[in-house]
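Remarks on the structure that follows.
Numbers restart at 1 for each chain; the letters A, B, ... are given by sequence-line order, proteins then strands. The analysis underlying the following values was restricted to heavy atoms, covering all of them including side chains, and did not include hydrogens, waters or symmetry mates.
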Amino acid sequence: MTPPKHSAKIERLKKRRQFLAVAQGLSCARGAVLIQDLPRPSTQEPAELSQVSDPIIGLGFTATKRLGNAVVRNRAKRRLREAARLLTPLHAEPGHDYVFVARNGAPNRPWARLLDDVKTALLTLAAGRGDPPRPARPNQSRDGRSGRSKPAPSSSR
RNA sequence: CCAGACGGCCGGGCGGUCGCUUUCGCACUCGUGCGGGAGAGGAAAGUCCGGGCUCCACAGCGAUACGGCGGCGGGCAACACCCGCCGGGGGCGACCCUAGGGAUAGCGCCACAGAGAGUAGACCGCCUUCGCCUCGGCGAAGGUAAGGGUGAAAGGGUGGGGUAAGAGCCCACCGCGGACCUGGCGACAGGGACGGCAUGGCAAGCCCCGCCGGGAGCAAGACCGAAUAGGGACCACGCGCCUGCUUGCAGGUAGGGCCAUCGCUGGCCCGAGGGGUCCGGGUAGGUCGCGAGAACCGCGUCGCAAGGCGCGGUCCAGAGGAAUGAUCGUCGCGUCCGGGUAUACCCGGGCGGCACAGAACCCGGCUUAUAGGCCGUCUGGCCCA
């Protein structure tokens, strides 16, 4: 195992407000997972914030009802939680909040592929190349994103 | 052995590695570490009934409205549940199904077809009389409702007598109603003097009868309670001028602001406050509610059973974006392919094959979903003895 990049404390996001806030940040979809990323709102004074970045990573996990019944949703979130436990010490940015959204295939995608999905998504976000948030009440004009420099999503097979 | 009926049970096993929640013990740098224990279901589901619990409302009784229930007896805290029995229907049978009170309390409805569908009716027919006439029919009047035809249903059925032809017109049996008798706690069953065909179906159309029923729900409810804003009390400081008094308040005024701008006039508003300490309401948030119970497991006993009683033993999830798992190996099962000879069976390999489904305050039920498998009792066949 590679040594962790940092030893940031990990917190769980628990309130609906927190999830809605992170949804305003960058996002990146890879395979069976969509990850949203937002720098943490500073709870300290600006002077204190400037010295060292806030050493906390916030994590949240979501699965919509579209994915399946409660058993399927729980299984998807558990697998994402396990993947996040293994990979966030290596690839996540301290001082950021992440929300892992389960997509189709999250409950039964081969474990190695799911780990790869999470890893590449985290790296893409760390490089600041995620997608901007969708408009709040969208008509979903899908040509609005066509020109963006987004790598083709790895086709799930 | 085959086909089937009913009842009960299980619903992946084992082992690595890494984790989560909680509890106990021990450490210490006091929130972490180490060790031990416990940690989803038969439906946790749907949220359809019945309760516990909490808050709100409420003198008692009756009536009305609304909703629910509806054979009888028993069980239960209670029920729309369960058990046993009765009536009706289905099956060769084991068994299964059954919204099963009232149609002489009243209203309403009975499509289509048909002459007629509920104070019955007469299309084809049948019979009598009369008339005409080509002697076989036609027409008119009347009597009928057996037969045909329509329909889910045609105002009892079958047989006989009777008659011009017929008809409960009369008779027998069946059916129907039924005083009463017998058995049963009862639903009901058996018999039945007598009546003499009057009494069709639908109550899942309205309704009538009997019984039951306050409302909302753990987001119930209780407690703690930050920042900010607002409320109250007290303290000291300050507050142009006038008046009043209950001596810290009220009214007026100088002054200021607004009504697009300027002048005049008019209207409205401000016209003493800020600071400190304390108090109470309340938001975010947090804690409790929260699991020893109509509990579970044995044994005994009563009961056909549901279940009751007695004795002994056990402690059995408590999360909160929501733990109870993730992953790897192996075994088991299923399926596909190839081979051994075709069935049975065996060997090798593949599988992104392994049910329905996740506690959310807690119990008792109901309903619905469910791959595969096990056990028991019974029924109908076939073979052997």
Judged by each residue's nearest nucleotide on RNA chain B, which is more toward the 5′ side, A:Lys14 or A:Val71?
A:Lys14

With nearest nucleotide decided by heavy atoms, which residue, A:Ala70 or A:Arg75, maps closer to the 5′ end of RNA chain B?
A:Arg75

Is a side-chain donor or acceptor of A:Glu82 paired with a backbone partner of A:Arg78 at a separation under 3.5 angstrom?
no

Is the side chain of A:Arg103 donor-acceptor paired with the backbone N or O of A:Gly31 at a distance under 3.5 Å, no angle test?
yes

In terms of heavy-atom contacts, A:Pro89 and A:Ala84 come closest through CD-O, 4.0 Å

Minimum heavy-atom distance A:Glu93-A:Ala126, with the two atoms named
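Shortest heavy-atom contact: OE2-CB, 3.9 Å.
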
Only pairs with both distances under 3.5 Å count, Watson-Crick or wobble alike; so what is the partner of B:U150 in this structure?
none

Mate of B:A319 where both pairing distances stay under 3.5 Å, Watson-Crick or G-U:
none

Nucleotide nearest A:Arg113 when distance is taken to its side chain, options B:G352, B:U327, B:G321
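Nearest nucleotide to the side chain: B:G352.
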
To the nearest Å, give me how far apart [atom1] ([X]) and [atom2] ([N]) are.
| X | N | atom1 | atom2 | answer |
| --- | --- | --- | --- | --- |
| A:Arg78 | B:U324 | CZ | P | 4 Å |
| A:Leu86 | B:U17 | CG | P | 16 Å |
| A:Gln18 | B:A284 | CD | P | 16 Å |
| A:Arg79 | B:G19 | CZ | P | 19 Å |
| A:Arg85 | B:G19 | CZ | C1' | 4 Å |
| A:Arg16 | B:A284 | CZ | C1' | 17 Å |
| A:Trp111 | B:A326 | CH2 | C1' | 6 Å |

Report which part of the nucleic acid A:Asn74 touches: base, sugar-phosphate, or nothing (heavy-atom distance under 4.0 Å, all strands).
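Since a base atom lies under 4.0 Å of A:Asn74, the category is base.
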
Across the strands shown, which category fits A:Arg73 at heavy-atom distances under 4.0 angstrom: base, sugar-phosphate, nothing?
nothing

Classify the side-chain pair A:Arg30/A:Thr124 by whether it contains a donor and acceptor separated by less than 3.5 Å.
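Note: A:Arg30 and A:Thr124 side chains meet the donor-acceptor criterion.
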
Is A:Arg12 near enough to B:U21 that one of its side-chain N or O atoms lies under 4.0 angstrom from OP1 or OP2?
no

A:Asn69 side chain near B:A357 phosphate (N/O to OP1/OP2, under 4.0 Å)
yes

With rounding to the closest Å, how many angstrom separate the C1' atoms on B:G350 and B:A322?
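Roughly 41 Å separates the two C1' atoms.
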
